[in-house]
K.L.:
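Next up is a structure, given as structure tokens.
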Amino acid sequence: MTDRGERFDPRTYEPGWRERWAADDLYRADDADPRAKHYLLTMYPYPSGDLHIGHWYAATGPDIVARMRRMQGRNVMFPMGFDSFGLPAENAAIDRGVHPAEWTASNIDRMRAQFRTMGCMFDWSREVVTSDPEYYRWTQWLFVQFFKAGLAYRAMAPVDWCPKDQVVLAREQVEGADRHCWRCGTPVVKRDLEQWFFRTTRYADELLDFTQIDWPEPIRLMQTNWIGRSEGAEIDFAVEADGVAPIRVFTTRPDTVFGATFMVLAPEHPSVATLTAPDRAEEVSAYTAAARRETEIERMSAEREKAGVFIGAFAVNPMTDERIPIWIADYVLPGYGTGAIMGVPAHDERDYAFAVRYDLPIRYVVLPRGGEAPVGKALVAHTDDEVLVASGDFSGMTAADGIAAITEELAERGQGAASVTYKIRDWLISRQRYWGAPIPIVYCPEHGPQPVPEDNLPVLLPHDVDFAPTGVSPLQSNEEFLAASCPVCAGPARRETDTMDTFVDSSWYFLRYCAPKEDGFAWDPAAVAHWMPVDLYTGGAEHAVLHLMYARFFVKALRDMGLLAFDEPFLALRNQGQILGADHHRMSKSRGNVVNPDDLTSRFGSDTVRCFLMFIGPWDQGGPWNPSSIEGVHRFLGRVWAVAQPDSGGHPRQIPGMPLESGVWPPGSSAPPADQELATLEGGMRALRQATHRTIQDVSEDYAGFHFNTALSKLMELTNALGAARDEGLALTDAYTEALETLLLLLAPMAPHITEELWSRLGGAYSIHQQAWPAFDPGLAAAEMIELPVQVDGKLRDRLVVAPDTAPEEIERLALASERVQAYLKGRAPRKVVQIPGRLVNVVTPGDSPG
RNA sequence: GCCGGGGUGGCGGAAUCGGCAGACGCGCCGGACUCAAAAUCCGGUGAGCGCAAGCUCGUGUGGGUUCGACUCCCACCUCCGGCACCA
């Protein structure tokens, strides 16, 4: 079948196999398949235009795992789709006059074709495109369910506004110290606007629970910090004014309430207007106005000097009954806690700075046992060694006991209660943009906002609108779209013109994959029950507090509506690293360091690109592009090609009558076999089988752990061993065949084309990707002789070659008998001999001085 | 500032429940093949000393624990990512 030494050229066979796999629906996942299901998902891309090398990197890892799981007998679903709503399509319309729908559709066509060249086992029959009305119809339906469940609401709030994109952003989409837009990098500004929110805060506590899922620690920490749960107490401070309700503050340190010497309100606090003394009114309103004008960046800066204004009113410390002045200052944020704090300068750095600036009293009430108050700073940290002082009956208690006791005392008096506060805010989901799912709400002058009846979904995006960004949705420019009737009274009503954040689309796409053609419901409950939850999810860590948190929220909310029966969407998560340019910078067109995967595949073929990407380093780490080493990986595949054609090189010899099982020659046996040449060959076969079975074990573990770089290095070693065995004349032995077939099977997930080609040439059944994963035989993987390092005082001095089951006494005797060891002992007895079974021997000399 | 992850040959990286540091690959050096080159194959390749056997040093820095430390502990330096007046 093969010509001797036929040249290795992937271009001659790769496209043909891809066509055949597609024609045969080789990778289609069948719901009725009785084998255990395995839902493997990788984050779907935004159809930006061209497949980037990063897409290859991200997809190849999970594809390898998907292929291995399938060969291991699982019914694997590995779908792909497009997150196709979003701003770039609209910007293309503005810049180039192409309609977003056309731009998106042509990009998807191009990227779908590029995806095919990767040779991934995507099940394209399940493709989901979120801008398809058949998809966003159900996104809208889900919005209505959230609305009916009280989880979607409209409210006026200070929100983040991107002045360049002319759109509001969720808190999670504002990044960095300079508070910039995640998409365009422009610093955001605060605006008071009426917007739609999803009530993510209702699930704050449950989102902190990761016990059901196997996720990377950094992602769990990022979500935990973002949710920002703080335990403490709310405490009421009476106000010295008739008929005015007490002011409630939140603190994590109720043990320090005896040290509260002033109170600070956020400038936006509702009590400011009623409490401000007439003679302070001018200064207060000037400060409040200035605070409002300032950008978020200036206001949030921690380095900025603490400044505020006394409003001319007093509160009463509930524990000391002291009169304390009420101030306003912008370091107190309106959206967190109660928007009011008790100022405890002795035990909070910010309060300390404020007190120093305005000469307010500083009273230390928690100190190390028998210790002195620090000079010139706050005492923030508290340990078990610290006790309350100058705190009435509570003096002498530890800080922890003080928190509990004081909270209890306040609760009994009706002046406070234990309380929990979170940093997370509700998810702002409305966008003043065109290319998204319209929010299915109509406003009736009589009945207010009403959801569009489910029968009337989808609310279709009109084709003709004016895309020029004006700060309001382009949908407002279409009168036909705007006009609606009230679902309650059928009277004239106005349609909501904002669209939904694209992260709403991606919060449920994994459900749609289970039955993408279902048209009576958002998903087929039976299919979702079969496939969900996702067994393994992969994608970028940049979505830690965006998509990955929103999707968890969605599933929990839908579960509580009775629509789903599980708690978490993604049981396991793995994050890939980023591929950087050769200049170690993020790839970008402006830097000119972008690597085009199409150029590489046309030169080297897909398998080489896949293997090279996996060989760069740990998959979760990424790294800079190093164009020179791709040649090495290509050479490796060339060697695989060569060893799979054993009669094309080396010096093959037929060894008659030598079945696989007999190929065992114990090298430790005293009587050498009669035929020395045969014995050498048998030893070589034995060694090759050992290498084969070790590789099965190592590569299986490495793939499962996403250690593709080390998996490939072990496959290289097996290939090198095959090359050596061929040169030793083992090419026609069963051990060689076993090693070669194993190599192809183990390599198949990483290099699907060359392995299919060689498998076919060797006469294997189509397809290699439907073969069983090789079984590992521990007996064959074990060495019959092991080499044991011998150390003297921890330094390597000699080696012993022994059988693995050699008794420790015998090993010690052999080690001490070693000439090298004797030279270091100089006739003395060793102080001791340390043995780690199977690992090493360490002889400790008496040394010059004992001990 | 707080949280998290890293620093190992010329380069990417391996080894981390303490046990042969540098697997595998790139690059480089030498050789084979060739008129020559490319391709391919073989050998060498942490540093220093030595004719050699071998010895010494070596995993960001400085200490420590241990028979033995890239791995554990303490204190630092540095790079990357996230958060950032959250009371």
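Worth knowing before you read on, the calculation uses all heavy atoms, side chains too, and leaves out hydrogens, waters and symmetry mates. The structure displayed is predicted, hence computed values, not measured ones.
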K.L.:
Hey, which of these two, A:T421 or A:Q791, hits RNA chain B nearer its 5' end, going by closest nucleotide?
P.N.:
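The residue whose closest nucleotide sits nearer the 5' end is A:Q791.
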
K.L.:
When all nucleic acid strands are considered with a 4.0 Å heavy-atom cut-off, which category describes A:R820: base, sugar-phosphate, or nothing?
P.N.:
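Sugar-phosphate contact only - A:R820 comes under 4.0 Å of backbone atoms but never of a base.
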
K.L.:
Figure out the CG/P separation between A:D702 and B:C24, and round it to whole Å.
P.N.:
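Roughly 15 Å, once rounded to whole Å.
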
K.L.:
For B:C41, which nucleotide in any strand shown is its Watson-Crick or wobble partner with both distances under 3.5 Å?
P.N.:
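Base-paired to B:G31.
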
K.L.:
Answer with base, sugar-phosphate or nothing: what part of the nucleic acid does A:N709 contact at a heavy-atom distance below 4.0 Å?
P.N.:
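Sugar-phosphate only.
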
K.L.:
Which nucleotide, B:C26, B:A15, B:A84, lies nearest any side-chain atom of A:S629?
P.N.:
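Minimum distance to the A:S629 side chain belongs to B:C26.
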
K.L.:
Nearest nucleotide by nearest heavy atom, which residue falls closer to the 5' end of RNA chain B, A:N225 or A:R229?
P.N.:
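The 5'-side residue here is A:N225.
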
K.L.:
So what does A:R639 hit on the nucleic acid, given a heavy-atom distance under 4.0 Å: a base, only sugar-phosphate, or nothing?
P.N.:
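Sugar-phosphate, no base atom in range.
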
K.L.:
I need the A:L746 CG to A:L718 CG distance, nearest 0.5 Å.
P.N.:
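Answer for the CG-CG pair, A:L746 versus A:L718, is 7.5 Å.
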
K.L.:
For the residue pair A:F8 and A:W641, categorise the inter-ring angle as parallel (less than 30°), tilted (30 to 60°) or perpendicular (more than 60°).
P.N.:
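Aromatic pair A:F8/A:W641 classed tilted.
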
K.L.:
Classify the nucleic acid contact of A:I341 as base, sugar-phosphate or nothing, counting any heavy atom under 4.0 Å across all strands shown.
P.N.:
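A:I341: base contact, heavy atoms under 4.0 Å.
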
K.L.:
Ring-plane angle category for A:F708 and A:W619, please: parallel below 30°, perpendicular beyond 60°, tilted otherwise.
P.N.:
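Perpendicular, since the angle between the ring planes exceeds 60°.
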
K.L.:
Tell me which one of A:Y57, A:W56, A:W625 satisfies ring-ring contact (aromatic ring centres under 6.0 Å, His included) with A:F612.
P.N.:
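One option only clears the test, and that one is A:W625.
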
K.L.:
Mind checking A:K795 for me? I need base, sugar-phosphate or nothing, with any heavy atom below 4.0 Å counting as a touch.
P.N.:
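Sugar-phosphate contact only - A:K795 comes under 4.0 Å of backbone atoms but never of a base.
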
K.L.:
Report yes or no: is there a donor-acceptor pair, N or O only, under 3.5 Å between the side chain of A:R799 and the base of B:C20?
P.N.:
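Flag set: donor-acceptor pair detected.
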
K.L.:
Can you tell me how the ring of A:F354 sits relative to the ring of A:W327, calling it parallel under 30°, perpendicular over 60° and tilted otherwise?
P.N.:
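A:F354 vs A:W327 ring planes: perpendicular.
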
K.L.:
When rounded to the nearest Å, what value does the distance between P atoms of B:U71 and B:G60 take?
P.N.:
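Those two atoms are separated by 8 Å.
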
K.L.:
Can you measure A:Q621 atom CD to B:G13 atom P for me and round it to whole angstrom units?
P.N.:
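Rounded to whole Å, this separation is 6 Å.
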
K.L.:
Looking only at atom C1', what distance separates B:G25 and B:G82, rounded to whole Å?
P.N.:
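Between the two C1' atoms, the distance is 33 Å.
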
K.L.:
Please state the P separation for the pair B:G27 and B:C76 - nearest whole angstrom.
P.N.:
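After rounding to an integer number of Å, I get 44 Å for this pair.
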
K.L.:
For A:H180 and B:G82, give me the distance from atom NE2 to atom P, rounded to whole Å.
P.N.:
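Going from A:H180 (NE2) to B:G82 (P), I get 8 Å.
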
K.L.:
Within the structure provided, determine whether A:F237 and A:I324 are in side-chain contact (heavy-atom separation under 4.5 Å).
P.N.:
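Of all side-chain heavy-atom pairs linking A:I324 with A:F237, at least one is under 4.5 Å.
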
K.L.:
As a test of reading the structure: which of B:C67, B:A87, B:A14 is closest to the side chain of A:V332, going by heavy atoms?
P.N.:
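From the listed options, B:A87 comes nearest.
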
K.L.:
How many angstroms lie between atom CG of A:L712 and atom CE of A:M750, to the nearest 0.5 angstrom?
P.N.:
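Between atom CG of A:L712 and atom CE of A:M750 there are 4.5 Å.
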
K.L.:
Any strand counts, and the cut-off is 3.5 Å on both contacts for Watson-Crick or G-U wobble. Which nucleotide pairs with B:A75?
P.N.:
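Across any shown strand, B:A75 pairs with B:U61.
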
K.L.:
Give the rounded distance in Å between these two atoms: CG of A:L546 and P of B:G82.
P.N.:
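My rounded result for the distance is 12 Å.
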
K.L.:
With rounding to the closest Å, how many angstrom separate the P atoms on B:G44 and B:U61?
P.N.:
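Pairwise P distance, B:G44 against B:U61, rounds to 30 Å.
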
K.L.:
Using the ring of each side chain (for Trp, its six-membered ring), is A:W215 parallel, tilted or perpendicular to A:F210, with breaks at 30° and 60°?
P.N.:
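The rings of A:W215 and A:F210 sit tilted, inter-plane angle from 30° to 60°.
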
K.L.:
In Å, rounded to the nearest 0.5 Å, how long is the span from CZ of A:R229 to CG of A:D205?
P.N.:
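Between A:R229 CZ and A:D205 CG, I get 4.5 Å after rounding to 0.5 Å.
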
K.L.:
Write down the distance between CD (A:Q645) and P (B:C41), rounded to a whole number of angstrom.
P.N.:
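Taking CD of A:Q645 and P of B:C41, I get 14 Å after rounding.
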
K.L.:
Answer yes or no: does a side-chain N or O of A:R797 lie under 4.0 Å from OP1 or OP2 of B:G54?
P.N.:
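No, A:R797 has no side-chain N/O under 4.0 Å of OP1/OP2 on B:G54.
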
K.L.:
Which one, B:C67, B:G4, B:G54, comes nearest to the side chain of A:L221?
P.N.:
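When the side chain of A:L221 is considered, B:G4 is the closest of B:C67, B:G4, B:G54.
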
K.L.:
Categorize A:E175 for me: base, sugar-phosphate, or nothing, with a 4.0 angstrom heavy-atom threshold over every strand shown.
P.N.:
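Counting heavy atoms under 4.0 Å across all strands, no contact is made by A:E175.
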
K.L.:
Mind checking if A:N720 touches a base, just sugar-phosphate, or nothing, with heavy atoms under 4.0 Å?
P.N.:
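Result for A:N720 = sugar-phosphate.
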
K.L.:
Using only modelled atom types and a 3.5 angstrom limit, is any donor from either the side chain of A:K306 or the base of B:C85 paired with an acceptor on the other?
P.N.:
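Under the 3.5 Å cut-off, the side chain and the base do form a donor-acceptor pair.
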
K.L.:
Counting the atoms with a prime plus P, OP1 and OP2 as sugar-phosphate, which does A:Y824 contact under 4.0 Å by heavy atoms, base, sugar-phosphate, or nothing?
P.N.:
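The residue A:Y824 makes sugar-phosphate contact but no base contact.
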
K.L.:
From B:G13, B:G25, B:C20, pick the nucleotide closest to the side chain of A:P618?
P.N.:
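Nearest to the side chain of A:P618 among the choices is B:G13.
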
K.L.:
For B:A87, take OP1 and OP2 only and decide whether either is under 4.0 Å from a side-chain N or O of A:Y336.
P.N.:
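Yes, such a contact exists.
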
K.L.:
Among the candidates B:A23, B:G13, B:C26, find the nucleotide nearest to the side-chain atoms of A:E717.
P.N.:
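Of B:A23, B:G13, B:C26, B:A23 is nearest to the side chain of A:E717.
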
K.L.:
Please state the C1' separation for the pair B:U40 and B:G7 - nearest whole angstrom.
P.N.:
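The answer is 38 Å between these two C1' atoms.
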
K.L.:
Taking the side chain of A:S713 as heavy atoms from C-beta outward, which of B:G25, B:G19, B:A23 is closest to it?
P.N.:
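So the nucleotide nearest the side chain must be B:A23.
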
K.L.:
From the set B:G27, B:C83, B:U56, return the single nucleotide nearest to any side-chain atom of A:R635.
P.N.:
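Closest nucleotide among those given: B:G27.
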
K.L.:
When the distance from CD of A:Q835 to P of B:C20 is rounded to whole Å, what number comes out?
P.N.:
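Interatomic distance, CD of A:Q835 to P of B:C20: 15 Å.
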
K.L.:
Considering only the C1' atoms, how many Å lie between B:U59 and B:U8, rounded to the nearest integer?
P.N.:
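These two C1' atoms come out 4 Å apart once rounded.
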
K.L.:
Name the nucleic acid region contacted by A:G228, choosing base, sugar-phosphate or nothing; use a 4.0 angstrom heavy-atom cut-off, strictly under.
P.N.:
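Here A:G228 touches no strand at all.
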
K.L.:
Ignoring backbone atoms, establish whether A:S230 has a side-chain N or O less than 4.0 Å from OP1 or OP2 of B:A87.
P.N.:
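So the side-chain polar atoms of A:S230 do come within 4.0 Å of the phosphate oxygens OP1 or OP2 of B:A87, strictly under.
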
K.L.:
Among B:C20, B:A23, B:A84, which nucleotide sits nearest the side chain of A:E787?
P.N.:
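That would be B:C20.
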
K.L.:
Given atom CD1 of A:I616 and atom P of B:C26, what is their separation to the nearest angstrom?
P.N.:
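The distance from CD1 of A:I616 to P of B:C26 comes to 15 Å, rounded to the nearest Å.
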
K.L.:
May I ask you to say what A:P624 touches in the nucleic acid, namely base, sugar-phosphate or nothing, with a heavy-atom cut-off under 4.0 Å?
P.N.:
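It contacts nothing in the nucleic acid.
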
K.L.:
Could you state the atom-to-atom distance from CG of A:L825 to C1' of B:C67 in whole Å?
P.N.:
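Interatomic distance, CG of A:L825 to C1' of B:C67: 13 Å.
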
K.L.:
Nearest to the side chain of A:K832, heavy atoms from C-beta on, is which of B:A87, B:C20, B:C67?
P.N.:
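Between B:A87, B:C20, B:C67, the one nearest the side chain of A:K832 would be B:C67.
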
K.L.:
Using both distances under 3.5 Å as the test, list the Watson-Crick or G-U wobble partner of B:A36, or none.
P.N.:
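Its partner is none (no Watson-Crick or G-U wobble pair with both distances under 3.5 Å).
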
K.L.:
Please give the distance between the C1' atoms of B:G58 and B:C49 as a whole number of Å.
P.N.:
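Here B:G58 and B:C49 have their C1' atoms 15 Å from each other.
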
K.L.:
To the nearest 0.5 Å, what is the distance between CD1 on A:I341 and CD1 on A:I235?
P.N.:
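Going from the CD1 atom of A:I341 to the CD1 atom of A:I235 covers 12.0 Å.
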
K.L.:
Can you tell which of B:A87, B:A84, B:A23 lies closest to the side chain of A:T251?
P.N.:
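Nearest to the side-chain atoms of A:T251, counting from C-beta on, is B:A87.
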
K.L.:
Rounding to an integer number of angstrom, what distance separates B:C83 and B:G64 when you compare their C1' atoms?
P.N.:
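Result for the C1' pair: 34 Å, nearest Å.
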
K.L.:
Under a 3.5 Å cut-off for both distances, is B:G12 Watson-Crick or wobble paired, and to whom?
P.N.:
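Base-paired to B:C24.
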
K.L.:
Partner of B:A47 by Watson-Crick or G-U wobble geometry, both contacts under 3.5 Å, or none?
P.N.:
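Across any shown strand, B:A47 pairs with B:U56.
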
